[in-house]
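Please read the structure below before turning to the comments.
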Amino acid sequence: MPRVKRGLSGLSLVVGVNKPAGMSSHDVVNRCRSIFGERRVGHTGTLDPMATGVLPICVGPATRLGAYLTGHDKRYRVSIAFGAGTDTDDAAGTVVRTGEVPDRVLDPEFAAAFVASLVGRRKQMPPAYSAIKVNGKKSYEAARAGNIIDLAPRDIEVYDARLLGVHEGDGEELPSWDVSFEVSKGTYIRSLARDAGVALGCPAHVAALERTELGLLTLEECVSLETLADLKDRAALDPVRLLGVRFSYAQGDLAKKVANGAQLPAAELPLFERRRTTSAIEMCACTAGVRESCEPPRDGELVAVLTDNKLVALYAYDEGRARFETRCVFQTGVSRGRDI
């Protein structure tokens, strides 16, 4: 990859990439650095190399949004293969155990009921091959060196789990389920597959995985790396919508205060929100689908500030002081892209 310099592009934007299988999230970042001619590129929500689907990419100063675009709920489509377990709990690993697949696993009615029973809160043990750090050491690095780090169970929640199909397999292909999951942050689909096998009395692993949603970003909004190379900044998405926050507008003297990161009294930032109706009256051109919010700011609420149709700052409301306090200022405003 040709050497690129930080800030050379002058771009500040967020795009959604449909990550292909066989590339790590870092590989995608490197490709985006080349596409945009910008060293400062980052991703939010890591995907394993074998996984595909939604991967948000931040370019230029917009990389500072990374901390606010993580920790969201996610949706996946997964193929869970039964009869073999691997050291990584997915198809990229080495098979370390095999076992007979019970007949009930191939019963669609049983399978649908079992998958539905996975909905709810639980403790989950992360895979040994994960990026979780213990005493500064990544778990997967220790596992590759033959050392297993003692990982602590995590609190996770499965919001929705639906069986999409049952496949009996053949001589070369293992029996499998296609499942749709909606899960909380920190949930490992590989662990769900592994634990399903344990509960059913046979080893299991993830055979294929596609992330279809991350927060408010959907797979339909994401583009391939080839398309991104063609579109470049024309693929930019609206970060305000992806953040899912209310927003305010700043011009003139107020814009100068915001650029300097000044604390602002509540009255100086009237809040607006996207309209939730699609009627012709509500979505007329004069309002551009935006309305002033009737609800006062909530303590700790994150608010976006816009100037000249760019995201220029993020503020948080301090109810005790009745003011907005700066969290992040973008001297190079973040593009609001094609969404508006």
- prompt: With a 6.0 Å cut-off on ring centres, are Tyr317 and Phe324 close enough?
  reply: yes

task: Answer yes when Glu157 and Arg122 have at least one side-chain N-carboxylate O distance shorter than 4.0 Å, and no when they do not.
output: no

- prompt: Got Cys222 and Val17 here, is their nearest side-chain heavy-atom distance under 4.5 Å?
  reply: no

message: Under a 4.0 Å threshold between the charged nitrogen and the carboxylate oxygen, would Glu221 count as salt-bridged to Arg241?
response: yes

field: Side-chain donor-acceptor pair present, Thr212, Arg75, cut-off under 3.5 Å
entry: no

- request: Without swapping roles, check the side chain of Lys232 against the backbone of Ala229 for a donor-acceptor pair under 3.5 Å.
  value: yes

message: With a 3.5 Å distance limit and no angle check, can you tell me whether Gln124 reaches the backbone of Pro153 through a side-chain donor-acceptor pair?
response: no

query: Under 4.0 Å between a Lys/Arg side-chain N and an Asp/Glu carboxylate O for Arg77 and Glu210?
result: yes

message: A quick test of your reading: do over 12 heavy atoms of other residues, nucleotides or ligands sit less than 6.0 Å from CG of Asp170?
response: yes

task: Dump the intermediate steps for salt bridge (charged side-chain N to carboxylate O under 4.0 Å, His left out) on Asp238 and Arg274, then the final yes or no.
output: CA-CA 12 Å; Asp238 181 8; Arg274 284 175 174 263; 3.0 Å; yes

Hydrophobic cluster identity match, Leu264 and Tyr249, side-chain contacts under 4.5 Å: no

- prompt: Side-chain donor-acceptor pair under 3.5 Å between Asp27 and Ser24, yes or no?
  reply: yes

message: Side chains of Leu254 and Gln251, heavy atoms from C-beta outward: is any pair under 4.5 Å?
response: no

message: Between the side chains of Arg162 and Asp160, is the shortest nitrogen-to-carboxylate-oxygen separation below 4.0 Å, so that they form an ion pair?
response: yes

- prompt: What distance do Phe272 atom CZ and Ser293 atom OG have between them, rounded to the nearest 0.5 Å?
  reply: 9.5 Å

message: Using 0.5 Å steps for rounding, measure from the CG atom of Leu174 to the OG1 atom of Thr98.
response: 9.5 Å

query: Quick one: does Lys19's side chain have a donor or acceptor within less than 3.5 Å of a partner on Ala51's backbone?
result: yes

- prompt: Atom CZ in Arg190, atom CE in Met50: separation rounded to 0.5 Å?
  reply: 9.0 Å

task: Please name the pair of heavy atoms, one in Thr332 and one in Ser12, separated by the smallest distance, quoted to 0.1 Å.
output: O-OG, 3.6 Å

task: Indicate yes or no for a side-chain donor-acceptor contact from Trp177 to the backbone of Phe82 under 3.5 Å, with no hydrogens or angles considered.
output: no

message: Check for me whether Arg327 meets the cation-pi criterion with Tyr315, that is, NZ or CZ under 6.0 Å from the six-membered ring centre and within 45 degrees of the ring axis.
response: no

statement: Value for CD (Glu213) from CG (Asp73), rounded to nearest 0.5 Å, stands at 10.0 Å

Glu325, CD: over 12 other non-hydrogen atoms inside 6.0 angstrom: yes

query: Are any non-hydrogen side-chain atoms of Leu311 and Phe330 less than 4.5 angstrom apart?
result: yes

Closest non-hydrogen atom pair between Leu55 and Gly45, with its separation: CD1-O, 3.4 Å

Least distance between heavy atoms, Ala67 atom then Thr70 atom: O-OG1, 3.4 Å

field: Hphob cluster co-occupancy, Ile80 + Leu164, side-chain heavy atoms under 4.5 angstrom
entry: no

task: Give a yes or no on whether the backbone of Val95 and the side-chain of Thr86 come within a donor-acceptor separation of less than 3.5 Å.
output: no

query: Quick one: are Arg154 and Pro126 in side-chain contact, heavy atoms under 4.5 Å?
result: yes

- request: Give the cluster check for Val334 versus Leu216: same hydrophobic cluster or not, with ILVMFWY residues linked at side-chain heavy-atom distances below 4.5 Å.
  value: no

- prompt: Would you say Val206 and Val166 are hydrophobically clustered, going by side-chain heavy atoms of ILVMFWY under 4.5 Å?
  reply: yes

message: Tell me if the CG atom of Asp103 is crowded by more than 12 foreign heavy atoms within 6.0 Å.
response: no

- request: Report yes or no: does His205 contribute a side-chain atom to a donor-acceptor pair with the main-chain N or O of Ala84 at less than 3.5 Å?
  value: yes

- request: Taking the side chain as every heavy atom from C-beta outward, state whether Leu314 and Val305 have any pair of such atoms under 4.5 Å apart.
  value: no

- prompt: Should Val312 and Leu269 be regarded as members of a common hydrophobic cluster, given that ILVMFWY residues are connected when their side-chain heavy atoms come within less than 4.5 Å of each other, either directly or indirectly?
  reply: yes

- request: Step by step, work out the side-chain hydrogen bond (donor to acceptor under 3.5 Å, both in side chains) result for Gln263 and Arg323.
  value: CA-CA 7 Å; Gln263 298 168 346; Arg323 71 186 184 190; 3.0 Å; yes

- prompt: If you measure only the distance, is there a donor-acceptor pair under 3.5 Å linking the side chains of Arg40 and Thr63?
  reply: yes

Closest non-hydrogen atom pair between Asp230 and Arg234, with its separation: O-NH2, 3.0 Å

message: Tell me the closest heavy-atom pair linking Val303 and Ser248, and the distance in Å.
response: CG1-N, 4.4 Å

query: At their closest point, which heavy atom of Gly261 faces which heavy atom of Thr326, and how far apart are they?
result: O-CG2, 3.3 Å

message: Whether Glu301 and Arg246 form a salt bridge (side-chain N of Lys/Arg under 4.0 Å from carboxylate O of Asp/Glu) is what I want to check.
response: yes

Minimum side-chain heavy-atom gap Glu273-Arg291 below 4.5 Å: yes

Within 6.0 Å of CZ in Arg104, more than 12 heavy atoms from elsewhere: yes

field: Atom pair CZ/CG of Arg336 and Leu242 - distance to nearest 0.5 Å
entry: 10.5 Å

query: Going from OH on Tyr68 to CG on Leu302, what distance comes out if it is rounded to the nearest 0.5 angstrom?
result: 6.5 Å

